Number of protein chains: 2
Amino acid sequence: MGYLANTPRLDGLIERLESAEGLEDLQLLIEELRDRYGVDHIVYHWVAASGQQYGCGTYPMEWVNRYLEMGYLRIDPVIQGCYQRFHPVDWKRLDWSGKAARAFLQDAIAHGIGNQGFSIPIRGPNGQFALFTLSHSGPDEDWARFTDENRRDLILVAHFFNQKALEFEPGRTPDPVQPLSPRELEAMTLLAIGYSRAQAAETLSISEHTLRVYVESARFKLGAMNTTHAVARALSRGLIVV
Amino acid sequence: MGYLANTPRLDGLIERLESAEGLEDLQLLIEELRDRYGVDHIVYHWVAASGQQYGCGTYPMEWVNRYLEMGYLRIDPVIQGCYQRFHPVDWKRLDWSGKAARAFLQDAIAHGIGNQGFSIPIRGPNGQFALFTLSHSGPDEDWARFTDENRRDLILVAHFFNQKALEFEPGRTPDPVQPLSPRELEAMTLLAIGYSRAQAAETLSISEHTLRVYVESARFKLGAMNTTHAVARALSRGLIVV
DNA sequence: GCCCCCCTCGCAGTTTTTGGGGAGTGGATT
DNA sequence: AATCCACTCCCCAAAAACTGCGAGGGGGGC
């Protein structure tokens with residue numbers, strides 16, 4: 001029992017993952033994966049914007065609901081930390097100072113999440129961001145060895161999970177991802193780094209009115225309400241980088 | 001010789017990849033990888049928005065220079081296509097209609113890039129985007145079998161290459177991230193999803209003036225010039241998620 | 001106890017942005 | 001050849017955002 005036993009072969013699992021046809025299949029696979037690894041929980045969590053979550057996993061319902069109700073998304077150090085990282089990270093290496101974070105951790109442990117955790121950040125087009133997380137209750141050394149041994153497999157599994165999630169997600173990219181023109185991108189970039197319209201126009205050596213046309217055009221293409229919204233969308237979709 | 005022979009073991013290579021200490025090491029590893037796989041070229045290419053390139057690989061110098069001079073970054077269907085994709089893609093599945101694209105392909109083949117290609121998109125924090133590409137000259141069937149057999153290994157290799165590239169990134173200055181208060185975060189989030197100050201204030205059930213205080217405070221903490229700038233910074237620092 | 005930060009509210013005036021019109025050039029695609 | 005799109009420029013009025021002034025209560029840390 002447990003992850004001390006051995007490292008399971010994942011060959012067949014990824015094939016089945018690739019042929020999954022719905023969230024239900026992913027749920028079954030994630031449960032099987034948890035049993036194979038002998039860890040307490042495995043969760044795939046698409047971290048979407050304004051509170052809207054999406055994913056599958058083995059966390060108890062009460063915890064998932066509590067997470068949503070309490071707005072833990074905003075204070076969860078796993079989210080905060082992984083958002084700035086590329087490589088998988090052990091929960092112990094995250095920043096748990098801060099009162100809210102410690103309270104959150106206590107609450108999580110009380111809900112049986114476990115004292116150990118390992119989260120893999122995954123990013124897709126248009127700023128999509130998701131986490132693939134394993135959690136467990138046990139001593140540090142065992143957990144360190146477990147994660148070290150299975151790191152590569154887990155990265156791959158996380159990748160294929162996210163691929164499927166992207167396939168299954170209908171409402172996440174309904175708007176045709178209309179690309180911005182080069183000039184529009186330049187304008188948005190300048191605004192994103194703090195330039196006023198007048199400054200941006202001067203920088204691009206065009207009239208302020210012309211720049212305004214770009215901003216309006218970009219705003220329209222991005223379906224944004226105002227300039228700030230447009231810049232936010234362009235950023236989170238990875239169209240521009242600051 | 002060539003990729004028909006067999007599938008090399010990558011066990012040792014990833015370890016060496018993880019212990020690489022500079023771009024030179026990555027260059028050596030990528031050449032070794034090319035020889036092991038028996039393909040014509042392998043390239044890791046960090047695609048920066050501002051036109052700045054960065055990476056390593058086995059493309060001939062003339063081609064790299066020509067790519068930059070001609071501004072191929074803007075018309076390369078591999079870039080365009082992978083930017084909207086999550087999963088690795090064979091070049092044949094990309095959109096090569098368009099006059100510029102076909103001319104680009106002719107030019108690439110003339111420079112010995114090969115008629116086959118397989119590119120893996122990789123994404124990091126703050127909208128970082130890179131490609132890990134293998135290219136070769138040969139028949140379709142062989143290439144299809146090769147890429148199919150080695151897909152998973154290549155995804156992993158691409159991942160670790162990008163990890164190293166992120167470590168080596170020159171302008172990596174972790175500016176002190178001054179945390180925003182909960183109310184400030186709420187205000188910034190609402191603005192980021194398109195609310196006006198009045199709407200945001202109403203949503204939070206506070207006066208518009210109070211909301212303004214939050215925004216100004218957040219702007220000050222983030223060192224931002226205006227609201228749009230502040231939202232952009234909060235987003236790219238992962239303080240808020242939209 | 002004191003200080004700092006977070007939260008909340010108000011008024012007045014200036015600057016900037018936005019929304020809605022219109023108009024012409026050049027390049028690329030069809 | 002026709003069409004579409006990107007790019008450039010202009011005016012005007014209304015809405016929104018910014019600047020600068022001030023005020024008070026509550027909580028946590030030193």
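Keep in mind that what you see is a predicted model, and the values were worked out from it rather than measured.
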Contacts of B:A192 that satisfy side-chain contact (heavy atoms from CB on, under 4.5 Å) - sequence neighbours left out = A:A232, B:V231, B:I240, B:V242
Taking side chain to side chain donor-acceptor pair (under 3.5 Å) as the test, write out the residues that go with B:S135, two or more places apart.
-> none
First and last nucleotide of DNA chain D in contact with chain B, 5' to 3', at under 4.0 Å to a heavy atom: what are they?
-> D:dA17 to D:dG20
Return the 5'-most residue of the pair A:E216, A:V213 with respect to DNA chain C, ranking by each residue's nearest nucleotide.
-> A:E216
Side chain to side chain donor-acceptor pair (under 3.5 Å): which pairs involve residues 55-64 of chain A, sequence neighbours left out?
-> A:H41-A:T58
Please name all residues satisfying side-chain contact (heavy atoms from CB on, under 4.5 Å) with A:D40, sequence neighbours left out, ordered by chain then number.
-> A:H136, A:S137
Please name all residues satisfying side-chain contact (heavy atoms from CB on, under 4.5 Å) with B:V213, sequence neighbours left out, ordered by chain then number.
-> none
Contacts of B:Y214 and A:S196 projected onto DNA chain C by closest heavy atom; the upstream (5') one is B:Y214
Under 4.0 angstrom, heavy atoms only, what part of the nucleic acid is B:T227 near: base, sugar-phosphate, or nothing?
-> sugar-phosphate
Quick one: A:Y195 OH to C:dT17 P, roughly how many Å, whole number?
-> 14 Å
Are B:K221 and B:E184 close enough for a salt bridge, meaning some N to O gap below 4.0 Å?
-> yes
Can you name the side-chain contact (heavy atoms from CB on, under 4.5 Å) partners of B:L94, sequence neighbours left out?
-> B:V78, B:R85, B:V89, B:W91, B:W96
Which ring pair (Phe, Tyr, Trp, His ring centres under 6.0 Å) pairs, counting each pair once, include a residue from residues 182-206 of chain B, with sequence neighbours left out?
-> none
Could you state the CZ-P distance from A:R183 to C:dG26, rounded to the nearest angstrom?
-> 17 Å
In residues 202-212 of chain B, what residues come within less than 4.0 Å of DNA chain C, judged by heavy atoms?
-> B:I206, B:S207, B:H209, B:T210, B:R212
